[in-house]
Colleague: 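Here it is, the structure, as structure tokens.
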Amino acid sequence: MEYRLDLSQIEEKEELHAMLSEILELPKYYGKNLDGFYDVMSTRSEEMTIVVKVNHKENEALEKYLNQLHQVLVDLENECENIFVEWTVIPPKDL
């Protein structure tokens, strides 16, 4: 199964976790944090490709959080035989 996450319009962590929960059909108990996300995703058995599109954020805290999400997805891909990740960064527009 392929899941597409367009994070280019995300402005807050809460929005991110709402999108992850909806698109990846996560259980309500996952905690809406990256540790909980990893825990839930690492127990999934179906083969999946997660295609992520993200752009540079002006919000430094959100940019850092998205980088942490990227690392969690890399860890999942490395540790779970059934999870594949495509992470695409949209470059900032020239001013």
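Please read all numbers here as calculations on a predicted model, not as lab measurements.
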Colleague: Tell me which pairs pass side-chain hydrogen bond (donor to acceptor under 3.5 Å, both in side chains) where either residue lies in residues 79-88, with sequence neighbours left out.
Modeller: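 Found Y38-E79.
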Colleague: Between CE of M48 and CZ of F84, what distance do you get to the nearest 0.5 Å?
Modeller: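 If I round to the nearest 0.5 Å, the distance is 10.5 Å.
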Colleague: I'd like to know whether L69 forms a side-chain contact (heavy atoms from CB on, under 4.5 Å) with L7, so could you lay out the CA-CA distance, the side-chain angles of the two residues, the decisive distance to 0.1 Å, and finally the verdict.
Modeller: CA-CA 11 Å; L69 171 64; L7 306 183; 3.8 Å; yes
Colleague: Tell me, please, which residues at least two apart from Q68 pass side-chain hydrogen bond (donor to acceptor under 3.5 Å, both in side chains).
Modeller: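 Partners of Q68 under the side-chain hydrogen bond (donor to acceptor under 3.5 Å, both in side chains) test: none.
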Colleague: Taking all atoms of both residues into account, what is the closest heavy-atom pair of L73 and V52, and its distance?
Modeller: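 So the two residues come closest at CD1-CG2, 3.9 Å.
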Colleague: Please report the shortest heavy-atom distance between E15 and Q9, naming the atom on each side.
Modeller: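 Between these two residues, the closest heavy atoms are OE1-O, 4.2 Å.
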Colleague: Could you state the interatomic distance from NZ (K13) to NZ (K32), rounded to the nearest 0.5 Å?
Modeller: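 The distance works out to 15.0 Å.
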Colleague: Would you say E22 has more than 12 foreign heavy atoms packed within less than 6.0 Å of its CD?
Modeller: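 12 or below, so no.
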Colleague: Would a hydrophobic clustering, with Ile, Leu, Val, Met, Phe, Trp and Tyr connected at side-chain separations under 4.5 Å, put L66 with V74?
Modeller: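 L66 does not cluster with V74.
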Colleague: Are side-chain N/O atoms of N67 and Q71 paired as donor and acceptor at under 3.5 Å?
Modeller: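 Side-chain D/A pair, N67 to Q71: absent.
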Colleague: Which pair of heavy atoms, one from I50 and one from I83, lies closest together, and at what distance?
Modeller: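 Where I50 meets I83 most closely, the heavy atoms are CD1-CG2, 4.2 Å.
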Colleague: Work out which heavy atom in T43 is nearest to a heavy atom in D39; give both atom names and the distance.
Modeller: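 It is CG2-O, 3.3 Å.
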Colleague: Measure across S8 and N55 and return the closest heavy-atom pair with its distance rounded to 0.1 Å.
Modeller: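 Nearest pair, atom of S8 first, then N55: O-OD1, 3.2 Å.
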Colleague: For the CD1 atom of I10 and the NE2 atom of H17, what is their distance to the nearest 0.5 Å?
Modeller: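 One gets 10.5 Å once the value is rounded to the nearest 0.5 Å.
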Colleague: Rounded to the nearest 0.5 Å, how far apart are CE of M19 and CG of L26?
Modeller: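 Taking CE in M19 and CG in L26, the distance rounds to 12.5 Å.
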Colleague: How long is the straight-line distance from CZ of R44 back to CE of M1, given to the nearest 0.5 Å?
Modeller: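 One finds 9.5 Å between CE of M1 and CZ of R44.
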Colleague: Rounded to the nearest 0.5 Å, how far does CG of L34 lie from CG of L16?
Modeller: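 Rounded to the nearest 0.5 Å, the CG-CG separation comes to 7.0 Å.
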Colleague: Please say yes or no: joined through hydrophobic side-chain contacts below 4.5 Å, possibly via intermediate residues, are V89 and L5 part of one cluster?
Modeller: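 In one cluster with V89: L5, yes.
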Colleague: Quick check: closest heavy atoms across Y3 and I23, and the distance to 0.1 Å?
Modeller: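 Closest heavy-atom pair between Y3 and I23: CD2-O, 3.2 Å.
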Colleague: Excluding sequence neighbours, so at least two apart, what forms side-chain contact (heavy atoms from CB on, under 4.5 Å) with E14?
Modeller: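 Applying side-chain contact (heavy atoms from CB on, under 4.5 Å) to E14 gives E12.
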